[in-house]
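Okay, structure first, notes after.
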Amino acid sequence: KGFMKIYNERVFKIMNMSSKIRLSPEQLPQLYGLLPPVCEKLGIEEPEMYLELNRTANAYTSGDSSKFITITSGLIKSCTEEELSTVIAHECGHILCHHTLYHTMGQMLLNGAASALGLGRLFTSAIETAFAYWMRCSEFSADRAALVYDEGADSLVNVMIRFAGADKQFDDQINKELFMAQAEEYKSYVDDSTWNKILEFLILRGQDHPLTTVRALEATQWVQTNQYQLIMDSMNGITPDYGNEGQMGGAVTMSVGAMQSGPGQAGAGMGINFCPKCGTPTNGEWSFCKKCGQPLK
């Protein structure tokens with residue numbers, strides 16, 4: 001974190017201030033106005049936001065002590081205002097989960113260990129594959145932040161359609177149901193064949209982003225889970241009812257851990273946590289998860 005503060009963040013500041021447009025209430029206010037509602041709902045401080053001249057539809061964030069989000073001119077051309085808000089919420093999800101810090105730490109440790117210990121290419125390749133897998137999981141987690149902000153998956157699925165190639169000029173010809181059917185077909189195609197799973201692994205092993213249709217399918221499935229409903233209830237001030245064994249009083253706040261992709265879902269919310277093994281919501285007084293028996297204390 002200290003290294004980022006004296007190097008990465010300062011380099012980005014120089015590049016951002018010299019080559020992009022910093023958005024504000026006085027500078028492109030309509031575009032800037034999409035940021036504050038996202039930050040307020042997700043409970044984070046507003047990062048700086050910049051517009052970059054780039055035909056590729058993209059957005060990215062960096063920094064931990066000094067954070068920023070950049071969106072490209074290609075993204076603005078491709079997406080509606082609602083979809084832009086979804087992309088901004090995704091980037092704010094990275095900030096909420098401190099992904100940039102962990103990404104930088106992982107990259108530094110990986111590069112440092114390889115050079116200092118003289119590790120062979122086979123060993124570092126295995127670590128890089130695992131690290132790429134973590135990066136893809138972090139993208140799913142950021143997608144979940146967007147799903148919480150949007151209170152549903154429709155807008156994120158639309159964004160995935162944009163990233164697959166259809167910008168606003170094709171809106172009257174796009175069939176979202178067929179796109180999701182394509183995602184389901186892809187999942188079945190891979191799951192039904194060990195060889196196809198191996199091929200998918202080879203395609204993905206160095207990629208830091210999940211496949212587009214997979215992200216859309218994951219989003220639509222997650223919003224149907226009890227975990228998502230618990231988060232939305234807590235954000236709307238609704239007290240979860242776990243029955244006589246785990247009755248909880250008072251409203252709860254959104255858990256960062258509940259949005260994390262993967263089995264380690266220990267919640268950081270107030271009063272509500274999730275089992276790190278199975279993801280079941282747990283009462284803070286429990287010593288063991290009542291579903292899987294995982295020790296909680």
Side-chain angles (χ1 to χ4, degrees), residues 4 7-39 42 44 46-64 66-97 99-104 107 132 135-136 138-143 145-146 149-150 155-171 174 179 203-204 206-216 219:
M4 289 178 66
Y7 182 75
N8 298 50
E9 293 174 359
R10 292 176 183 246
V11 169
F12 276 123
K13 185 78 170 182
I14 291 171
M15 295 301 298
N16 289 340
M17 294 290 286
S18 64
S19 307
K20 306 173 187 177
I21 299 175
R22 183 170 62 186
L23 308 183
S24 71
E26 293 78 32
Q27 184 71 282
L28 296 173
Q30 184 173 350
L31 192 54
Y32 164 80
L34 301 177
L35 178 64
V38 175
C39 296
L42 296 183
I44 64 172
E46 282 187 28
E48 291 187 338
M49 187 159 73
Y50 292 89
L51 174 62
E52 174 183 285
L53 178 60
N54 189 329
R55 292 181 179 178
T56 302
N58 193 22
Y60 56 93
T61 185
S62 191
D64 191 73
S66 178
K67 310 169 187 70
F68 74 89
I69 292 172
T70 292
I71 58 177
T72 66
S73 53
L75 185 73
I76 295 172
K77 181 180 179 181
S78 297
C79 294
T80 65
E81 192 169 286
E82 179 184 9
E83 292 158 4
L84 287 173
S85 290
T86 297
V87 174
I88 291 171
H90 170 95
E91 298 305 326
C92 286
H94 282 308
I95 293 173
L96 181 66
C97 297
H99 286 153
T100 301
L101 174 62
Y102 300 141
H103 177 205
T104 304
Q107 202 64 60
M135 290 287 289
R136 293 194 299 274
S138 75
E139 294 299 323
F140 284 126
S141 298
D143 281 349
Y149 174 73
D150 289 331
S155 185
L156 191 134
V157 170
N158 289 340
V159 171
M160 294 303 107
I161 291 174
R162 304 297 187 208
F163 288 166
D167 63 21
K168 288 182 288 190
Q169 65 177 313
F170 298 113
D171 276 354
I174 282 292
F179 181 76
I203 292 169
L204 283 173
Q207 291 193 23
D208 58 8
H209 277 65
L211 301 173
T212 305
T213 59
V214 175
R215 289 176 67 181

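Note that the coordinates shown come from a computational prediction; the quantities given were computed from them, not determined experimentally. Atoms considered below: every heavy atom in the structure, side chains included; atoms not considered: hydrogens, waters and symmetry mates.
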Rounded distance (nearest 0.5 Å) linking atom [atom1] of [X] with atom [atom2] of [Y]:
X: Gln207; Y: Arg136; atom1: CD; atom2: CZ; answer: 7.0 Å
X: Leu156; Y: Ile161; atom1: CG; atom2: CD1; answer: 10.5 Å
X: Leu28; Y: Leu51; atom1: CG; atom2: CG; answer: 6.5 Å

Shortest non-hydrogen contact between [X] and [Y], atoms and distance:
X: Pro210; Y: Phe140; result: CB-CZ, 3.5 Å
X: Arg55; Y: Ser73; result: N-OG, 4.4 Å
X: Lys168; Y: Thr80; result: CD-N, 3.9 Å
X: Pro47; Y: Cys39; result: CD-SG, 3.7 Å
X: Val38; Y: Ala89; result: CG1-CA, 3.5 Å
X: Thr100; Y: Thr61; result: OG1-O, 3.8 Å

Can you list the residues that meet the salt bridge (Lys or Arg N to Asp or Glu O under 4.0 Å) rule with [X], with sequence neighbours excluded?
X: Asp64; answer: Lys1
X: Lys13; answer: Glu48
X: Lys67; answer: none
X: Arg215; answer: Asp143

Run the side chain to side chain donor-acceptor pair (under 3.5 Å) test against [X] and tell me which residues pass, sequence neighbours left out.
X: Asn158; result: Lys176
X: Gln169; result: Asp167
X: Tyr60; result: Lys20, Glu52

| said: Would Phe163 and Leu75 count as a side chain to side chain contact (heavy atoms under 4.5 Å, CB included) here? Give the steps. | reply: CA-CA 9 Å; Phe163 288 166; Leu75 185 73; 3.9 Å; yes
| Side-chain H-bond candidate by donor/acceptor type, Asp150 with Thr86, under 3.5 Å |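 There is such a pair between these side chains.
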The criterion is side chain to side chain contact (heavy atoms under 4.5 Å, CB included); which residues satisfy it with [X], sequence neighbours excluded?
X: Pro36; value: Tyr32, Glu46
X: Ala216; value: Val157, Met160, Phe179, Met180
X: Ser66; value: Glu9

| Checking side chain to side chain contact (heavy atoms under 4.5 Å, CB included) for the pair Ile95/Leu42: CA distance, chi angles, key distance, verdict? | CA-CA 10 Å; Ile95 293 173; Leu42 296 183; over 6 Å; no
| query | Do the side chains of Cys92 and Leu35 get nearer than 4.5 Å, heavy atoms only? | reply |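 The answer is yes; the side chains approach within 4.5 Å.
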| said: Just so I know, are the side chains of Asn16 and Arg22 near enough to count as touching, which here means a heavy-atom distance under 4.5 Å? | reply: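 No. Closest side-chain heavy atoms not under 4.5 Å.
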| field | Pair Glu139-His90, side chain to side chain donor-acceptor pair (under 3.5 Å): steps then yes or no | value | CA-CA 8 Å; Glu139 294 299 323; His90 170 95; 2.9 Å; yes
| field | Qualifying salt bridge (charged side-chain N to carboxylate O under 4.0 Å, His left out) pairs with a residue from residues 71-96, counting only residues at least two apart or across chains | value |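 Passing the test, one end in residues 71-96: Glu83-Arg162.
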| field | Evaluation steps, side chain to side chain contact (heavy atoms under 4.5 Å, CB included), between Ser141 and His99 | value | CA-CA 10 Å; Ser141 298; His99 286 153; 3.9 Å; yes
| message | Checking Phe12 now: which residues fulfil ring-ring contact (aromatic ring centres under 6.0 Å, His included) with it, not counting sequence neighbours? | response |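 By the ring-ring contact (aromatic ring centres under 6.0 Å, His included) rule, Phe12 matches Phe68.
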| message | Set out, in order, the CA-CA distance, both residues' side-chain angles and the distance that settles side chain to side chain contact (heavy atoms under 4.5 Å, CB included) for Met49 and Ile88, then state yes or no. | response | CA-CA 10 Å; Met49 187 159 73; Ile88 291 171; 4.0 Å; yes
